[in-house]
Amino acid sequence: MLLHLHPLLAMSVWRHLRRMGGPGLLLLGIADNSVIPLTGSMDVLTIWLAARHREPWPYYAFMATLGAVFGGYITYALARKGGKETMERKLSKKRAKQVSQAFERWGFFAVAVPALMPPPFPFVPFLLAAGAMQYSPKKFLGALALGRGVRYSVAAGLGFRYGIHILRFFRHYYKPAMAILIGLAVIGAVMSFVQYLRMRKA
């Protein structure tokens, strides 16, 4: 999850983000929705922070959404500048075609609905498609804010509601949980690298 880093470094980064609170969510959101997808990291951190009850849970939902919108717009802007060639370099031709067709058909909801989906649903392809197809920046930001806003509001609300149980789980199973999260990150990194090699060979 937390970057494709050495486990000890990943745990150190995770601790720093937790201590930062809302600003940590903002930074993680920018990374997660732009150049470094960190599958599930935002949901876990949003839930954990809301579970502590140090700030009202809507604050954490807002900060997570704000970071996601900033990060998503970076990916969108890069794809918008590079056109369809950028999307085809990042994705396989088959995947790029599928996403483009979905976007042509659904438009606004091709961003809003995937933004709602929980991990490991891949969201970056839809950000690339929105930019590559020159979708309206205002409509894109509205769809992204809506989808991520609902998703992180639900996550923060669950964290607030079941905070005691969540914190108890993290206290007892912190190391195993981090091992699983880091393992998922490594798997994601390997899959991304394999996909990159296949596209390069093609």
Side-chain angles (χ1 to χ4, degrees), residues 1-4 17 24-46 61-156 184-185 187-196 198-200 202:
M1 290 214 7
L2 263 196
L3 309 181
H4 312 313
L17 290 173
L25 274 174
L26 181 64
L27 293 175
L28 184 59
I30 292 173
D32 183 39
N33 291 270
S34 57
V35 294
I36 314 171
L38 309 169
T39 307
S41 297
M42 284 294 294
D43 301 271
V44 172
L45 185 58
T46 301
F62 172 77
M63 294 299 283
T65 302
L66 188 61
V69 170
F70 278 147
Y73 186 77
I74 291 172
T75 300
Y76 163 86
L78 291 173
R80 185 179 176 87
K81 183 177 180 180
K84 290 187 177 181
E85 293 78 10
T86 299
M87 181 172 66
E88 290 176 353
R89 283 199 303 269
K90 297 288 185 180
L91 308 173
S92 65
K93 289 186 178 181
K94 181 180 178 181
R95 181 62 171 163
K97 183 178 180 180
Q98 290 174 339
V99 174
S100 296
Q101 289 175 342
F103 199 87
E104 288 175 352
R105 182 176 181 183
W106 300 107
F108 183 91
F109 294 102
V111 176
V113 173
L116 275 167
M117 301 298 288
F121 185 84
F123 182 51
V124 171
F126 294 91
L127 299 176
L128 293 170
M133 300 182 72
Q134 308 298 306
Y135 189 61
S136 165
K138 290 183 179 180
K139 291 181 179 179
F140 168 77
L141 290 173
L144 180 58
L146 174 63
R148 288 309 203 203
V150 172
R151 173 173 164 175
Y152 294 134
S153 292
V154 170
L184 290 174
I187 293 172
V190 172
M191 291 178 65
S192 298
F193 184 67
V194 170
Q195 184 182 30
Y196 168 76
R198 286 177 178 175
M199 289 188 293
R200 187 173 181 179

**Prompt:** Going from CD on Gln134 to NZ on Lys81, what distance comes out if it is rounded to the nearest 0.5 angstrom?
**Reply:** 12.5 Å

**Request:** Would you mind listing every side chain to side chain donor-acceptor pair (under 3.5 Å) that reaches into residues 140-156, with sequence neighbours excluded?
**Result:** Asn33-Arg148, Asp43-Arg151

**Considering all heavy atoms, the nearest Gly149-Thr65 contact** = CA-OG1, 3.3 Å

**Fill in**
Here the pair of heavy atoms bringing Ala112 nearest to Leu146 is CB-CD2, 4.5 Å

**Request:** Output all residues satisfying side chain to side chain contact (heavy atoms under 4.5 Å, CB included) with Phe62, sequence neighbours left out; order by chain, then residue number.
**Result:** Leu66

**Message:** Around atom CZ of Phe108, are there more than 12 heavy atoms from other residues, nucleotides or ligands closer than 6.0 Å?
**Reply:** yes

**Request:** Could you pull out the closest heavy-atom pair between Val69 and Leu144, with the gap in Å?
**Result:** CA-CD2, 3.7 Å

**Request:** Quick one: closest heavy-atom pair of Thr46 and Ala64, and the distance?
**Result:** OG1-CB, 3.6 Å

**Message:** To the closest 0.5 Å, what do you measure between OH (Tyr135) and CG (Leu127)?
**Reply:** 13.0 Å

**Prompt:** Can you name the nearest heavy-atom pair linking Ile30 to Phe70, along with the distance?
**Reply:** CG1-CB, 3.8 Å

**Request:** Would you give the length of the straight line joining atom CG of Leu78 to atom CG of Leu128, rounded to the nearest 0.5 angstrom?
**Result:** 9.0 Å

**Asked** Is the ring centre of Phe140 less than 6.0 Å from the ring centre of Tyr76?
**Response** yes

**Asked** Which residues satisfy the salt bridge (Lys or Arg N to Asp or Glu O under 4.0 Å) test with Arg80, sequence neighbours excluded?
**Response** none

